[in-house]
Amino acid sequence: MRDYYDILGVSKDSNETEIKRAYRKIAMKYHPDRNPDNKKAENKFKEAAEAYSILSDSSKRQQYDQFGHSAFNGMGGGQAGFRSMNMEDIFSQFGDIFGGNNPFESFFSGGRVASRAKTGGDVKVKIKVTYAEIVNGGSKKIKLKKLKLAEGATFTNCSMCGGSGQVTKVTNSFLGQMRSTSICPQCKGYGKVINHRPSGSDKNGMVKVEETIKINIPVGVETGNYMTLESQGHEDINKTSGDLYVFFEEEVHEHFSRYGDDLLLQVRIGFSQAVFGDKIEVPTINGKASLKIPAGIEPGQILRIRGKGFPRLRKSGRGNQLVKIQIDIPKKLSTDEKKIIKEYHDITASKDIIFEKFDD
Ligand SMILES: [Zn+2]
């Protein structure tokens, strides 16, 4: 079994933030949602989840440091909870890094950038896409507000850590000397502090800038899918940028809904159409399609229009459009209609009523 610190790629004396950051990076990279049918990625993901579950818990970490893997024998790696976690969950688990759920709140996370030593902060945005855009693709422009190092900002070596970004504390206890290393509180791990702060910049010499970027909408995308645009996030004082995460969210459609790759529509037809059958026109995402209604159709029956659903993400082919038929029972009748239906009623009313099992 691999060492938990090696799995996360962190040192034995790394702090909570570093462990969290390392895990998040691995989890994002190897998440099954992003690596469908990739056993290797899945294993890496599980391995990291297990390592994180131990190292993020201070008492478990202590046990692990002392006894290694044998501290958890018989535990059976029961980290099933992590496996079913989707990307949004990972983001919400690390909400303290990413800010609130509303992406438009987390743009200005100036104060947080500093706590994430040596990388600019990530930016997370949500963009709404219509069904037509999901089917046809296309692009969308979004405005981002992010942090950039101000022109003319200069820095000097941090006096507290001497530029290493880390400070080591030695405490004496009855067990002997204890050394603990943590991120330097003065420079937040950057190893340098601001010397000249250009006007308009914050205490770290950063300014907020607005940027417009074009996002290409992948066909077949669905709510919860996201793309990563590397180095498009906040810049830090070393001019290293975090990443930009773009989450897609489907816009609610007036009458269509979605089930996987299928497009769903309900149609209400007249009862004589149900009896005799008919050929009707129904809307599709990109126009219209003709639909044959078989004679004697029952309410609730579903008809399928092949290939008129959503394109499959990163695969070929398309889903179907499923049309659920409902039958309209007339409430108001003209004299003529009344006469005809009355005649129909008189010849059929003597038919037996059939009792059946409740069915939805
Ligand atoms: Zn320092």
Provide the closest heavy-atom pair for [X] versus [Y] in the form atom of the first, atom of the second, distance.
X    : Y    : result
L8   : A22  : O-CB, 3.3 Å
S231 : S241 : O-CB, 3.6 Å
I194 : A153 : CD1-CB, 4.3 Å
C161 : G191 : SG-CA, 4.2 Å
D236 : G120 : OD2-N, 3.6 Å
S14  : I19  : OG-CG1, 3.6 Å

Does [X] share a hydrophobic cluster with [Y], counting links as ILVMFWY side-chain heavy atoms below 4.5 Å and allowing steps through other members?
X    : Y    : value
V123 : I142 : yes
F256 : V219 : no
F271 : L333 : yes
V221 : L263 : yes
Y131 : I215 : yes

Would you say the side chain of [Y] lies within less than 4.5 Å of the side chain of [X], judging by non-hydrogen atoms?
X    : Y    : value
F247 : I127 : no
K188 : N204 : no
V193 : S159 : no
I237 : K192 : yes
K128 : E251 : yes
R21  : V10  : no
R318 : D261 : no
K214 : N216 : yes

message: Could you walk me through whether L244 and I213 satisfy the side-chain contact (heavy atoms from CB on, under 4.5 Å) test, starting with their C-alpha distance in whole Å, then the side-chain angles of each, then the deciding distance to 0.1 Å, before giving a yes or no?
response: CA-CA 11 Å; L244 169 65; I213 63 160; 3.3 Å; yes

Quick check against the 3.5 Å criterion: does [X] have a side-chain atom that pairs as donor or acceptor with the backbone of [Y]?
X    : Y    : answer
D278 : I280 : no
S201 : R197 : no
T223 : E250 : yes
N320 : D262 : no
E235 : K146 : no
N238 : T240 : no
D346 : E343 : no

Using a 6.0 Å cut-off, check whether atom [atom1] of [X] has over 12 heavy atoms from anything other than its own residue.
X    : atom1 : value
E230 : CD    : no
E337 : CD    : yes
Q326 : CD    : yes
R268 : CZ    : yes
K12  : NZ    : yes

Exactly one of H234, Q232, R24 clears side-chain hydrogen bond (donor to acceptor under 3.5 Å, both in side chains) with D122, and that residue is R24

At what distance, to the nearest 0.5 angstrom, does [atom1] of [X] lie from [atom2] of [Y]?
X    : Y    : atom1 : atom2 : answer
D243 : K124 : CG    : NZ    : 14.5 Å
L291 : I325 : CG    : CD1   : 5.5 Å
D57  : Q62  : CG    : CD    : 10.5 Å
I269 : I297 : CD1   : CD1   : 6.0 Å
Y30  : N38  : OH    : CG    : 9.0 Å
I217 : T130 : CD1   : OG1   : 7.0 Å

query: Going by atom types alone, do Y5 and D13 pair a side-chain donor with an acceptor below 3.5 Å?
result: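 No pair is found: no donor N or O on one side chain lies under 3.5 Å from an acceptor on the other.
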
For this session: Decide whether D3 and Y64 meet the rule of one side-chain donor and one side-chain acceptor closer than 3.5 Å.
Result: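 The criterion, which ignores hydrogens and geometry beyond distance, is satisfied for Y64 and D3.
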
Exercise. Mind checking ring-ring contact (aromatic ring centres under 6.0 Å, His included) for H255 and listing every partner two or more places apart, or none if nothing turns up?
Key: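 Residues passing ring-ring contact (aromatic ring centres under 6.0 Å, His included) with H255: H253.
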
- Answer yes or no: is there an ion pair linking E47 with K44, defined by an N-O contact shorter than 4.0 Å?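 Looking at E47 and K44, the cut-off is not met.
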
Report task. Inspect the contact between E50 and K46 and indicate whether a charged nitrogen and a carboxylate oxygen are less than 4.0 angstrom apart. Result ->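 E50 and K46: not salt-bridged.
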
Using atom types as modelled, flag every donor-acceptor pair under 3.5 Å from a side chain in residues 176-184 to any protein atom, sequence neighbours excluded.
none

* To do: Output, in order, the C-alpha distance, side-chain angles, deciding distance and verdict of side-chain contact (heavy atoms from CB on, under 4.5 Å) for V135 and F310.
  => CA-CA 6 Å; V135 169; F310 292 97; 3.8 Å; yes

Practice prompt. Give the intermediate values and the outcome of side-chain contact (heavy atoms from CB on, under 4.5 Å) for residues V246 and Y226.
Written response: CA-CA 5 Å; V246 181; Y226 74 98; 5.9 Å; no

Checklist entry - Among Y4, F45, Y23, which one satisfies ring pair (Phe, Tyr, Trp, His ring centres under 6.0 Å) with Y52? => result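 So the option named by the test is Y23.
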
Subject >> Residue pair Q166, T168: steps toward the side-chain contact (heavy atoms from CB on, under 4.5 Å) verdict >> reply: CA-CA 7 Å; Q166 292 193 329; T168 305; 5.8 Å; no

